[in-house]
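Here is the structure we will look at, set down as structure tokens.
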Amino acid sequence: MAPSHHIFMNLPATNETAEVIIGARKAAKLQRLDGILGPPLCVILSAFRFLNAPIPEGGSPKSLAFIKLGEQGSTVLAIPALEEAVSRVGRENTYFVVFSENRKILDVLGVIPEGNVLEIKTSSVFAFLKSVISVSLFLRKIGLDAAIDLDFFARSSALLTFLSGAKWRVGLHSYFGEGPFRGWLMTHRPRYNPHIHSQKLFYSLVKALDQPPELFPAWKDPGPLPPPRQISIQPGALESIKTKLLANLATSELPRIVLLNANCSDMIPLRRWESERFVELARRILTVHPGVAVVFTGAPVEAAQAGELAESVGSKRCFSMAGKTTLTELFALYSLAEVLVTNDSGPAHFASLTTIRIIALFGPETPALFGPVSSGSLAITAGLPCSPCVSAQNNRLSACKNNLCMQAITIDRVFAEVDRILVG
């Protein structure tokens with residue numbers, strides 16, 4: 001059974017849950033469309049490409065667009081790739097195509113100009129098709145030189161990369177069934193390597209433009225990654241989040257803060273550490289460390305459930321900020337806190353752009369490929385023989401119905417790491 005079949009287990013019937021269900025259904029619908037319509041469209045356009053477009057020679061692009069429709073957390077891992085592109089073609093000539101609901105992280109990062117972030121709308125099939133046509137026509141109008149598909153094996157992103165009209169197109173290719181089939185739309189077709197971190201993979205895709213198309217699937221080492229980047233915290237956001245924290249604590253001075261991100265609306269429940277464990281972890285932290293406050297975080301759709309978890313802890317030093325912060329305020333909150341404990345999810349990568357220490361819990365996926373990259377991050381995984389079971393090569397689907405890999409991560413183990421950081 002694929003994860004999408006049991007997305008909604010153990011969710012109470014609230015308005016917030018309804019929003020989660022609607023969002024999950026939309027994602028599942030897009031995935032089904034990608035799987036049903038994508039392959040034949042990729043074949044048709046591949047035939048068109050072979051008949052009408054010879055393989056181009058190498059060159060130096062003067063404009064470049066990234067295609068990455070989803071996963072804001074993964075976009076953080078692409079920062080070195082974005083900055084490499086900017087260094088090559090200039091900030092004003094670098095574009096990014098993304099689903100509308102996922103552009104916020106790009107605006108906060110500021111690597112790509114806001115006007116160069118091109119949105120694909122998902123509110124309806126008509127809106128989706130209209131925005132795809134609009135974005136494709138715009139990229140063709142500006143005479144785009146290069147397009148890089150940062151999604152792993154999605155057909156929709158491969159089709160958009162081709163429709164951009166770019167002379168040079170870079171994207172992962174399925175050699176001998178190593179990933180979902182999506183035609184021969186790319187001029188540069190690197191092989192997906194499941195043994196290197198996604199951050200280096202994204203960076204490598206930009207560097208692939210330096211190689212002749214006929215070199216692939218073999219390709220050269222892109223060289224060392226640039227040092228990790230930290231985001232600048234906006235003073236207004238910092239003051240705003242301090243005010244909100246003090247109001248919840250009813251005090252005039254901020255205590256030490258530990259953040260817990262329980263992913264109440266996680267659309268891949270296999271990645272979820274049980275909510276009750278977050279509650280017990282919070283209680284233990286508050287008991288052992290009387291000068292610490294525990295704050296639950298989350299998206300607006302998680303606000304009701306995160307609030308229930310905080311209330312279950314039964315302490316005035318524990319409350320929820322889920323749905324009560326903007327993205328810029330969330331970064332400010334990370335900068336004020338000492339530790340974040342989170343499931344494998346976007347917040348782990350957001351937090352890696354600040355000085356906070358991160359404890360990320362991994363099960364169905366592996367931190368070797370998707371772990372946060374800051375020097376202050378620690379990934380905990382049980383290392384079961386069945387784990388990891390989801391990857392880019394299997395379209396992140398799993399037959400597993402019982403996430404023993406997450407259940408095997410004990411409260412004792414997680415608390416020991418939090419305690420070590422707080423004491424140290």
Side-chain angles (χ1 to χ4, degrees), residues 23 26-27 30 64-86 91 94-122 131 135 148-152 154 157 160 197-199 201-203 205-206 226 228-234 236-238 240-241 259 261 263 265-268 297-302 321-335 340 342-356 358 360 370-374 377:
K26 182 165 69 173
L30 289 172
L64 187 152
F66 291 98
I67 317 293
K68 184 162 184 56
L69 302 178
E71 297 185 325
Q72 294 188 76
S74 188
T75 301
V76 173
L77 295 177
I79 290 176
L82 304 187
E83 293 179 334
E84 173 66 19
V86 167
R91 189 167 178 266
T94 307
Y95 300 84
F96 201 107
V97 181
V98 65
F99 283 147
S100 298
E101 58 267 30
N102 292 319
R103 73 163 292 161
K104 290 182 181 179
I105 185 62
L106 288 164
D107 293 337
V108 172
L109 293 175
V111 181
I112 308 294
E114 290 188 12
N116 288 14
V117 178
L118 310 176
E119 298 183 26
I120 301 296
K121 302 186 185 301
T122 60
S131 57
V135 167
I148 298 179
D149 181 2
L150 293 180
D151 280 332
F152 289 101
S157 58
L160 272 167
H197 196 279
S198 298
Q199 185 185 58
L201 174 66
F202 295 149
Y203 184 68
L205 294 179
V206 180
R229 182 176 185 262
Q230 286 194 354
I231 198 168
S232 298
I233 306 301
Q234 296 182 9
L238 191 63
S240 175
I241 201 66
L259 303 178
N261 179 60
N263 289 113
S265 68
D266 192 355
M267 289 167 57
I268 304 182
T297 64
V301 295
E302 301 171 297
M321 292 292 289
K324 300 177 182 178
T325 66
T326 64
L327 189 54
T328 54
E329 288 176 335
L330 183 62
F331 280 107
L333 178 58
Y334 291 149
S335 73
L340 167 68
T342 177
N343 295 320
D344 164 29
S345 59
H349 301 296
F350 297 164
S352 70
L353 295 172
T354 69
T355 56
I356 193 173
I358 304 164
F370 300 106
V373 295
S374 68
S377 62

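Every heavy atom of this structure was used, including side-chain atoms; hydrogens, water molecules and symmetry mates were not. Only a predicted model underlies this, so the values are computations on that prediction, with no experimental measurement involved.
Proximity of a side-chain donor or acceptor of S345 to a complementary backbone N or O of N343 within less than 3.5 Å is detected. Distance alone, capped at 3.5 Å, is enough to place a donor-acceptor pair between the R103 side chain and the E114 backbone. Although no hydrogens or angles enter the test, the distance criterion places a donor-acceptor pair under 3.5 Å between the side chain of D151 and the main chain of L69. Using modelled atom types, no side-chain atom of N102 and backbone atom of Q72 make a donor-acceptor pair closer than 3.5 Å. Of the possible polar contacts, one joining the S131 side chain to the K121 backbone as a donor-acceptor pair under 3.5 Å is found.
Rounding to the nearest 0.5 angstrom, the gap separating the CD1 atom in I233 from the OG1 atom in T355 is 8.0 Å. Taken from CG in L327 to NZ in K104, the straight-line distance is 7.5 Å, to the nearest 0.5 Å. Between the CD1 atom of I120 and the CD atom of E101 there is a distance of 11.0 Å, given to the nearest 0.5 Å. Atom OH of residue Y334 and atom CG of residue L340 lie 5.5 Å apart, to the nearest 0.5 angstrom. The line from CG of L333 to OG1 of T297 is 7.0 Å long, rounded to the nearest 0.5 Å. Atoms CG and CG, from L201 and L77 in turn, are 10.5 Å apart once rounded to the nearest 0.5 Å.
Taking the six-membered ring where tryptophan is involved, the planes of F202 and F152 are tilted, since the angle between them lies from 30° to 60°.
By the side-chain contact (heavy atoms from CB on, under 4.5 Å) test, S377 is found to be paired with I358, P372, S374, residues two or more places apart in sequence or in another chain being considered. Residues that satisfy the side chain to side chain donor-acceptor pair (under 3.5 Å) test with E329, not counting sequence neighbours, are S240, K244. Listed by chain and residue number, E83 satisfy the salt bridge (charged side-chain N to carboxylate O under 4.0 Å, His left out) test with R229 (two or more places apart in sequence, or in another chain).
Contact detail for V373 and P228: the closest heavy-atom pair is O-CG, 4.4 Å. I241 and A332 get closest at one heavy-atom pair: CG2-CB, 3.9 Å. Minimum interatomic distance between A85 and V206 (heavy atoms only, all atoms of both residues): N-CG1, 4.3 Å. Heavy-atom minimum distance, L238 versus S335: CD1-OG, 3.8 Å. Nearest approach of S352 to V76, heavy atoms of both residues: OG-CG1, 4.1 Å.
Partner of S74 under the side chain to side chain contact (heavy atoms under 4.5 Å, CB included) criterion, chosen from Q199, K68, H349: K68. Across T75, L205, T94, a single residue satisfies side chain to side chain contact (heavy atoms under 4.5 Å, CB included) together with F66, and that is T94.
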- Message: Using the rule given for side-chain contact (heavy atoms from CB on, under 4.5 Å), can you reason through T354 versus I231, listing the C-alpha separation, both sets of side-chain angles and the distance that settles it, and then say yes or no?
- Response: CA-CA 6 Å; T354 69; I231 198 168; 4.2 Å; yes
- Message: Does F350 form a side-chain contact (heavy atoms from CB on, under 4.5 Å) with V108? I'd like the steps, not just the answer.
- Response: CA-CA 10 Å; F350 297 164; V108 172; over 6 Å; no
